[in-house]
Amino acid sequence: MKNRLIIGPLLAALVFPAEAQQTVDVHSHIIVPEYMEMLKAHGAEIEETFSLPEWNVERHLAFFDSAGIRTAVLTMPAPQPWYGNAKESAACIRRVNEISAEVKRKHPGRFRFCAALPLPDVDAAIREAVYALDTLGADGVKLATNSRGQYLGDEALEPLMKVLDERNAVIILHPHRPTPYAEDIIAATPLAMYEYPAETTRAVVNMLAHNVPSRYPNLKIVVPHCGSFLPLAVPRMKSILPVMVKQGYMQPIDWEANLSRLYYDLAGNPTTEVIRLMLTVTSPEHILYGSDYPYLPNAVLKGNLQKLKETLKADKELAGYADLFLWKNAEHLFSGTVTADSIPTE
């Protein structure tokens, strides 16, 4: 792909000039009271091995303004609010999505949102996806790496993937507690330390093994936390796959088609080495800024963004990608702008 993005006249009128460096944050969370009340009702406030931070729209906007962030894409955090009662879960998630839509409506240009879905109930998830995308104006959906043991790539999710593909959906992935899990290990190292990157990699590898992205070519899938361990896992998979296929353990994987549907956010304070490693499995047009707000103090998140800008500026090659990473790629992903590659030649 070429690095230059061609932005349509309507979008060009809406975006800030490049020199303003108005960053778009594709990895931030909305944590509403109704969601927290459900977790408390089930004793699940620290199900993910750490307490969820407080959130409100005024503080989020204040963080925007202090950090130089123009727009954030909101998603529901972990854990998945499912405790055996399908109606309870669907009602909670509907409320999260309605509040997210209202935040977007009241603050145009500042927020987008990717709707939560009440998995593992696939039928309910389809109903919510259709409502959120067609009625609430969701900009995509958020999918957990696993919903109570139902991992992405599971055959049960095929009807949902078909519906999302028909709507050209953006899917933002987020790690949740693995199922099953080693209690002693996660007690010593909370999930965010190791299991979240491992869990993300596990889920995406399962999707690749089942050729989910290539079979649903209209999906755009955002992998969090700098691609987690995928830059290490993909070369190993490629080297082992021919033997696995020959012995009947796996099916062939269309690497180019699958990997071309994956995008990656930069949440996690990446170094130059990490970014260069990401570029071994993707192109510069598929890398997006993400903060992980509000999981770290504002000062830390602001420092991380400033460090990222300095890291990019200091590297001769990466400096040319700064605007792509910080805002252009996100505008392209969520606004359906046209790249130079996709313009037909006569």
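This is a predicted model, so every value here is computed, not measured.
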K.L.:
Decide, yes or no, whether a salt bridge links Arg105 with Glu98 under the criterion of side-chain N to carboxylate O below 4.0 Å.
P.N.:
no
K.L.:
Would Arg59 and Phe64 count as a cation-pi pair here, with the cationic atom under 6.0 angstrom from the ring centre and within 45° of the axis?
P.N.:
no
K.L.:
Of all the heavy-atom pairs spanning Thr75 and Cys114, show the shortest one and how long it is.
P.N.:
CG2-CB, 3.9 Å
K.L.:
Return yes if a side-chain donor-acceptor contact under 3.5 Å exists between Ser100 and Arg95, otherwise no.
P.N.:
no
K.L.:
The criterion is ring pair (Phe, Tyr, Trp, His ring centres under 6.0 Å); which residues satisfy it with Phe63, sequence neighbours excluded?
P.N.:
Tyr293
K.L.:
Indicate yes or no: at least one non-hydrogen side-chain atom of Leu133 is less than 4.5 angstrom from one of Leu164.
P.N.:
yes
K.L.:
Report the C-alpha separation of His29 and Lys142 in whole Å, then their side-chain angles, then the decisive distance to 0.1 Å, and conclude whether the side chain to side chain contact (heavy atoms under 4.5 Å, CB included) test is met.
P.N.:
CA-CA 11 Å; His29 300 290; Lys142 173 255 180 172; over 6 Å; no
K.L.:
Return all side-chain donor-acceptor pairs below 3.5 angstrom for residues 180-197, not counting sequence neighbours, or 'none' if the list is empty.
P.N.:
| from | atom 1 | to | atom 2 | distance (Å) |
| --- | --- | --- | --- | --- |
| Tyr181 | OH | Arg177 | NH1 | 3.4 |
| Thr189 | OG1 | Ile185 | O | 3.0 |
| Tyr196 | OH | Glu48 | OE1 | 2.5 |

K.L.:
I'd like to know whether Val26 forms a side chain to side chain contact (heavy atoms under 4.5 Å, CB included) with Phe334, so could you lay out the CA-CA distance, the side-chain angles of the two residues, the decisive distance to 0.1 Å, and finally the verdict.
P.N.:
CA-CA 10 Å; Val26 304; Phe334 285 99; 4.1 Å; yes
K.L.:
Any Lys/Arg nitrogen of Arg276 or Glu317 sitting under 4.0 Å from an Asp/Glu carboxylate oxygen of the other?
P.N.:
yes
K.L.:
Is Asn211 close to Asn258 at the side-chain level, that is, under 4.5 Å between some pair of heavy atoms?
P.N.:
yes
K.L.:
For the residue pair Pro79 and Ala44, what are the closest heavy atoms and their distance?
P.N.:
CG-O, 4.3 Å
K.L.:
Got a second to check how far Asn85's CG is from Asp121's CG, nearest 0.5 Å?
P.N.:
10.5 Å
K.L.:
Where do Ile93 and Ala116 come nearest, in terms of heavy atoms and distance?
P.N.:
CG2-O, 3.3 Å
K.L.:
Nearest 0.5 Å, please: how far is CD in Gln80 from OG in Ser89?
P.N.:
6.0 Å
K.L.:
With the 4.5 Å side-chain cut-off for hydrophobic clustering, are Tyr35 and Phe113 part of the same group?
P.N.:
yes
K.L.:
Quick one: does Asp165's side chain have a donor or acceptor within less than 3.5 Å of a partner on Asn218's backbone?
P.N.:
yes
K.L.:
Below 4.0 angstrom, N of the basic side chain to O of the carboxylate: do Glu47 and Lys40 qualify?
P.N.:
no
K.L.:
Name each donor-acceptor pair under 3.5 Å that joins a side chain in residues 250-257 to protein atoms two or more places apart or in another chain, with its distance.
P.N.:
| from | atom 1 | to | atom 2 | distance (Å) |
| --- | --- | --- | --- | --- |
| Gln251 | NE2 | Ala209 | O | 3.0 |
| Asp254 | OD1 | Ala257 | N | 3.1 |

K.L.:
If I take atom CD from residue Glu128 and atom CG from residue Leu119, how far apart are they, to the nearest 0.5 angstrom?
P.N.:
10.5 Å
K.L.:
Measuring only between side-chain heavy atoms, which start at C-beta, is Leu305 closer than 4.5 Å to Ser291?
P.N.:
no
K.L.:
Going from NE2 on His286 to OH on Tyr263, what distance comes out if it is rounded to the nearest 0.5 angstrom?
P.N.:
3.5 Å
K.L.:
Is the closest side-chain heavy-atom distance between Leu262 and Lys220 below 4.5 Å?
P.N.:
no
K.L.:
Report yes or no: is the cationic atom of Arg94 (NZ for Lys, CZ for Arg) under 6.0 Å from the centre of the six-membered ring of Tyr131, at an angle within 45° of the ring normal?
P.N.:
yes
K.L.:
What's the separation between atom CG in Asn168 and atom CG in Leu219, rounded to the nearest 0.5 Å?
P.N.:
8.5 Å
K.L.:
Are any of the side-chain heavy atoms of Met36 and Leu39 separated by less than 4.5 Å?
P.N.:
yes
K.L.:
Report yes or no: does Ser239 contribute a side-chain atom to a donor-acceptor pair with the main-chain N or O of Arg236 at less than 3.5 Å?
P.N.:
yes
K.L.:
Please examine the side chains of Leu230 and Val223, heavy atoms only from C-beta on, and report whether any two atoms are closer than 4.5 Å.
P.N.:
yes
K.L.:
Among Ile, Leu, Val, Met, Phe, Trp and Tyr joined by side-chain contacts under 4.5 Å, find the other residues sharing a cluster with Leu232 and list them by chain and number.
P.N.:
Leu277
K.L.:
Give a yes or no on whether the backbone of Asn269 and the side-chain of Asn304 come within a donor-acceptor separation of less than 3.5 Å.
P.N.:
no
K.L.:
Please determine if Asp25 and Arg70 form a salt bridge, counting it only when a charged side-chain N lies under 4.0 Å from a carboxylate O.
P.N.:
no
K.L.:
Could you walk me through whether Asp65 and Arg110 pass salt bridge (charged side-chain N to carboxylate O under 4.0 Å, His left out), step by step?
P.N.:
CA-CA 10 Å; Asp65 295 337; Arg110 305 308 305 272; 3.1 Å; yes
K.L.:
Measure across Ser147 and Ala144 and return the closest heavy-atom pair with its distance rounded to 0.1 Å.
P.N.:
OG-CB, 4.0 Å
K.L.:
Only one of Leu61, Thr71, Val73 clears side-chain contact (heavy atoms from CB on, under 4.5 Å) with Phe111; which?
P.N.:
Leu61
K.L.:
If I compare all heavy atoms of Leu160 with all of Ala129, which pair ends up nearest, and what's the gap?
P.N.:
CD1-CB, 4.3 Å
K.L.:
Tell me whether Glu199 is salt-bridged to Arg202, with the criterion being a basic N under 4.0 Å from an acidic carboxylate O.
P.N.:
yes
K.L.:
Can Met237 be reached from Tyr151 by stepping across I, L, V, M, F, W or Y side chains whose heavy atoms are under 4.5 Å apart?
P.N.:
no
K.L.:
Tabulate below the donor-acceptor pairs under 3.5 Å that side-chain atoms of residues 241-249 make, not counting sequence neighbours, or state none.
P.N.:
none

K.L.:
Do we see a donor-acceptor contact under 3.5 Å between the side chains of Asp292 and His225?
P.N.:
yes
K.L.:
Leu318 versus Ile275: any side-chain heavy-atom pair under 4.5 Å?
P.N.:
yes
K.L.:
Without hydrogens or angle criteria, can the side chains of Asn146 and Thr179 be said to hold a donor-acceptor pair below 3.5 Å?
P.N.:
yes
K.L.:
Out of curiosity, Trp82 CH2 to Glu88 CD, how far, rounded to the nearest 0.5 Å?
P.N.:
9.5 Å
K.L.:
Are the side chains of Leu152 and Asn206 in contact, using a 4.5 Å heavy-atom criterion?
P.N.:
no
K.L.:
I'd like to check the side chain to side chain donor-acceptor pair (under 3.5 Å) partners of Arg215; sequence neighbours left out, ordered by chain and number.
P.N.:
Glu158
K.L.:
Sub-3.5 Å donor-acceptor pair from the side chain of Thr145 to the main-chain atoms of Thr200, do we have one?
P.N.:
no
K.L.:
With a 4.0 Å cut-off on N to O distance, would you call Lys307 and Glu310 a salt bridge?
P.N.:
no
